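Working notes, structure below.
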Protein chains: 2
Amino acid sequence: MENVTIRMLAEKLQLSTATISKALNNSHEISEETRKRVQDLAKELNYVPNPYASSLRKKSSKTIAVVIPEIADSFFAEAINGIEAVAQEKGYHVLIYLTHESSEKEQAILKDFQSGRVDGVLISVTMETANSEHSLSQLSKELPLVFFDRVCEEVATAKITTNDSEAAYIATKHLIEVGCRNIGLLAASEQLTIMRERIKGFYRALTEYQLPVTNNSVTYFTREANQLLSDTLRLGKFDGVIATTEKLATNVYEAAETLKLQLPKDLKVIGFSNLSTARFLYPSLTTVYQPAFEMGKAAATLLFKALKNSHVTLTQQSMEIPSQLFIRNSTLQQ
Amino acid sequence: MENVTIRMLAEKLQLSTATISKALNNSHEISEETRKRVQDLAKELNYVPNPYASSLRKKSSKTIAVVIPEIADSFFAEAINGIEAVAQEKGYHVLIYLTHESSEKEQAILKDFQSGRVDGVLISVTMETANSEHSLSQLSKELPLVFFDRVCEEVATAKITTNDSEAAYIATKHLIEVGCRNIGLLAASEQLTIMRERIKGFYRALTEYQLPVTNNSVTYFTREANQLLSDTLRLGKFDGVIATTEKLATNVYEAAETLKLQLPKDLKVIGFSNLSTARFLYPSLTTVYQPAFEMGKAAATLLFKALKNSHVTLTQQSMEIPSQLFIRNSTLQQ
DNA sequence: CATAGTTACTTAATCGGTTAAGTAAATAAA
DNA sequence: TTTATTTACTTAACCGATTAAGTAACTATG
C-alpha cells in the first residue's frame, strides 16, 4: 500500500493539489462543500501529511530542541515534563539532545541547528559553558533561544532561572542557625553562572554571620566526585556542607558512610535537589527544591511566544522563579 | 546573511548542484580535486545541509522516536541514556514522546509516525496497552519497531525485556526466606505483560512454599496510589510487599509513615526500582534492579541493525537481560 | 583504427507539500 | 448595463537536496 499523498487525494477528487492543500488547512478560499469532501476522503484514506515536505517549503518544522547535560537527574527530568506539557499543547515536537557535560558535543549539536532542523531551542548549558558562548550568541541571532537554569550570561536572550543566590544564602543561613561554623559549598563548575550565584549567596551569609571565608570554603568537582569528596570531607573537617547538585548530595551520603561520619551529628547536609526520595533518605535530606517543572514550562511558554510573534524581544523576558528550602533531618540541630 | 545552500556553492564554483551534492557525499563520480574544492568552500561558508530537503528526497530522516510513559523515572531515564548513546554514535536524532500513561495520547503519537517523520520507533507502552495493539501491529509493518520493557505481546516484532517472572520469583522467595508469610504484590496494571509475568513468578514462589494465594495477593493501582495504598496496607495486613514500580516503592514508605508501620519490622518491602538513592533510604531499599541502560542500548542497537539491513527479521531478535536483586535493610530479618 | 569503457561532469526529474499569481464564473456596486 | 469585486478554484513555481539519465572527453581493448 502506497503512502497517501496530497496528489492521490487530488486525483480521486478531480481537484488540483493546491485545492487539497488549502482544504486541509481550512483556507477560506475553499468552499465548505469541497473542504468537507476533501477532509472526509483524507480521513477515510488515513492521510498523514509528510512533515518534511511542509517543513521544507514553510521553513518551519514545528519542532523544538531541548539541550541538557543529563537526563537521569530529577531536575532535568521534571523540566522536560514542563517543556513537553507546553509543546504537546502547541502541537510541537521535542528533540532531546544530551551533552553529557561535554562542550564538544554541545557545539556539534548547536551547529546542527543551523540547518533549520528546529524552530527554537531550550538549553541548559554544559559546565564548560565558556566554550559554547560564541556558538550560542551566533545561534541566538538565527532562531529563538531560551536558557533555563544553566544560563550563559553573555548571550543576549531570555533566561529562566531560580533565585540561586538567595536560595544559597537562605540555605547557608539555615546551616549556621543549626550550629554549623565550618561550612563548605560543594560546587560543580567554576564557570556556571548559577554556581557563581550560589557561591555569592553562600559568601554573603558567611560574611553576615562573621564566619571566615577560607580558600577551602568552596570545592569544585567535575566527574568521579566520590573519591574526591571523601578527601574533601576528611580534609576540610566541615560540620556542614551544601551540595549544589543532586549527584553531589548523594555523594555526601556515600562519603559519610565511608568516613563513618554520622549525619547530621558530625556533618549536616543541604542538597540543591529535586529528588522525590529526599524525605525518605537516612537522614531525610534538607533540600533546596528548585521549581523544575515550572521553569521548563516558563521557558517553553516564552519560546512559543517568540515563535508566534517574532517581535517579542527575548532579551527582555528573563524570569526568576524562587526555590524553596525544605528543612529535614539532615540539618537537625543536635 | 542568507542560508548557505548547495545552489550557492554551485554558483560560486561554476558547477552544477548535482556535482556539489555528490562531492559532499564523497561520490566516486567526482574528481579528487573538485571534491576538495567543494568541501573546502562548504567549510568556509559554514554550509549545513537542510535535513528536510534530504529527508524528503531520500525518504529517511536519520531520526528515531522513543515513546515512553514518563520521564521522571529512573528506569526510563537510564534507558534513554542507553538509547541515546547508540543513536549519537550512529548519527541519529532522537525524538522523545511522553504518553503520561494515556493510551489516547499514545495513539495520536503513533499515528503521526505514519508520516515518515521517523525511521524507526522504540516504545515502552502505556498501561492501557490493549488499546494500542492494533495501531502498533499496523505500524510494525511500516517501519522497524522495537519494544523495551513494557511490550505488547501480540505485536510481532522484537522485544527487549528483563526476566520479569524469574525476578519476581526470586524476590518473593527472598521475602519468604526472611520470614514473610502474608505477601502482597503491588501492581500497576492488569494489562501489561511485564506485570503478568511478575505475577506469574510471584505465584510460583508462593505455591512452591505452600503459601496461600488469595484474592488480595495482588493489588492494582493506577493513579493516586497513595491513598489507596494506605488502605491496602491497613486492610491486607501484609508482612511483606513487592512494589512493581518505582513510584509504588516510594508510596509504601509514605504509607508506612502514615500508618506508623515500622519497616522492615512490621512490613518488608522490595521495589522493582532503579533509584540511585535506594541504598540511602531509611531503611535502605531492597531492589530488583533492572538493566535499564543495557535494555535501552540493546533495543537501539537492534533497531539500527534493522534500519541498516532491512532483511533482519525483528520478530526473531527478542532478548532478555536479567535483573539483579540487591538485598538491603528493607527486607532485613528481625 | 574502431569500438567499448571509464571519468567527470550536467540536465532534469523528483520527493510532497505550500503559495503567489492567474482565471472563469458569480455577485455586487455604480 | 457596465464595471468592480468576490468566490472558488487551477497553474506553476518553489523549498533544497538527491539521483536517474545523458554527454563530452579521454583511455583502454581487440
Side-chain angles (χ1 to χ4, degrees), chain A residues 1-39 41-42 45-63 91 112-119 142, chain B residues 1-39 41-42 45-63 91 112-119 142:
Chain A
M1 190 179 66
E2 278 301 292
N3 237 336
V4 184
T5 67
I6 241 175
R7 185 171 301 143
M8 288 174 58
L9 299 180
E11 271 166 27
K12 292 229 182 201
L13 295 175
Q14 293 293 342
L15 290 167
S16 72
T17 60
T19 305
I20 305 293
S21 174
K22 286 172 185 166
L24 291 171
N25 291 299
N26 293 314
S27 159
H28 60 91
E29 291 180 48
I30 304 300
S31 72
E32 186 57 44
E33 191 204 325
T34 305
R35 177 166 60 196
K36 191 167 173 356
R37 282 210 307 146
V38 172
Q39 294 186 348
L41 185 67
L45 299 185
N46 196 28
Y47 165 75
V48 184
N50 183 313
Y52 297 130
S54 80
S55 292
L56 178 58
R57 181 66 227 255
K58 297 205 289 188
K59 288 169 171 281
S60 101
S61 58
K62 284 260 170 191
T63 304
D112 181 71
F113 294 159
Q114 298 188 346
S115 68
R117 183 186 296 278
V118 295
D119 297 346
E142 292 171 21
Chain B
M1 192 179 66
E2 278 301 292
N3 238 335
V4 184
T5 67
I6 240 173
R7 184 173 301 142
M8 288 173 57
L9 298 180
E11 272 165 27
K12 293 229 181 199
L13 294 175
Q14 294 293 342
L15 290 168
S16 73
T17 60
T19 304
I20 306 293
S21 173
K22 286 172 184 165
L24 292 171
N25 290 298
N26 293 313
S27 160
H28 61 90
E29 289 180 52
I30 305 299
S31 73
E32 187 57 44
E33 190 204 325
T34 306
R35 176 166 59 197
K36 190 164 173 0
R37 283 211 304 149
V38 172
Q39 293 186 350
L41 185 67
L45 299 185
N46 197 28
Y47 166 75
V48 183
N50 182 314
Y52 297 129
S54 84
S55 290
L56 177 59
R57 181 66 227 255
K58 296 205 289 188
K59 286 169 172 280
S60 100
S61 59
K62 285 262 171 187
T63 303
D112 181 71
F113 293 160
Q114 297 187 347
S115 68
R117 184 186 296 278
V118 295
D119 297 346
E142 292 171 22

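Worth saying up front: this structure is predicted, and the values here are computed from it rather than measured. Note on naming: letters A, B, ... go to the chains in the order of the sequence lines (proteins, then strands), and numbering restarts at 1 for each one.
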When all nucleic acid strands are considered with a 4.0 Å heavy-atom cut-off, which category describes B:Leu15: base, sugar-phosphate, or nothing?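 Result for B:Leu15 = sugar-phosphate.
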How is A:Thr5 classified with respect to the nucleic acid when contacts are heavy atoms under 4.0 Å: base, sugar-phosphate, or nothing?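 Result for A:Thr5 = sugar-phosphate.
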Does B:Ser61 use its side chain to pair, donor to acceptor, with the backbone of B:Arg117 at less than 3.5 Å? yes
Is A:Ser115 reaching over with its side chain to a backbone N or O of A:Asp112, donor-acceptor style, under 3.5 angstrom?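 Checked: pair present.
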Integer-rounded Å distance: [N] [atom2] and [X] [atom1]:
X       : N      : atom1 : atom2 : result
B:Asn50 : D:dT18 : CG    : P     : 10 Å
A:Glu11 : C:dG16 : CD    : P     : 12 Å
A:His28 : D:dC9  : NE2   : P     : 13 Å
A:Tyr52 : C:dT14 : OH    : C1'   : 18 Å
B:Met8  : D:dA17 : CE    : C1'   : 15 Å
B:Lys22 : C:dT11 : NZ    : P     : 12 Å
B:Leu56 : C:dT14 : CG    : C1'   : 9 Å
A:Gln14 : D:dC9  : CD    : P     : 14 Å

Ignoring hydrogens and angles, state whether a donor on the side chain of A:Asn3 or B:Glu142 is under 3.5 Å from an acceptor on the partner side chain. no
Per B:Thr19 side chain, nearest of listed nucleotides C:dT14, C:dT10, D:dC15: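 Side chain of B:Thr19 sits closest to C:dT10.
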Whether [X] contacts [N] is assessed here as follows: a side-chain N or O lying under 4.0 Å from the phosphate OP1 or OP2. Is that the case?
X       : N      : result
B:Tyr47 : D:dA17 : yes
B:Thr34 : C:dC9  : yes
B:Asn25 : D:dT18 : yes

Could you tell me whether the side chain of A:Asn26 reaches within less than 4.5 Å of the side chain of A:Gln39, counting heavy atoms only? yes
Please tell me which of B:Arg57 and B:Glu32 maps to the more 5' nucleotide of DNA chain C, matching each residue to the nucleotide holding its nearest heavy atom. B:Glu32
Taking the nucleotide of DNA chain C with the closest heavy atom to each, which residue, A:Ala53 or B:Ser31, is nearer the 5' end?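 Its nearest nucleotide being more 5', the pick is B:Ser31.
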Residue that, paired with B:Glu11, satisfies side chain to side chain contact (heavy atoms under 4.5 Å, CB included) out of B:Arg7, B:Gln14, B:Met8: B:Arg7
On DNA chain D, nearest-nucleotide positions of B:Glu29 versus A:Ser16: which is more 5'?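 With B:Glu29 and A:Ser16 compared, the 5'-side residue is A:Ser16.
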Check if the side chain of A:Lys59 and the base of C:dT18 share a donor-acceptor pair of N or O atoms closer than 3.5 Å. no
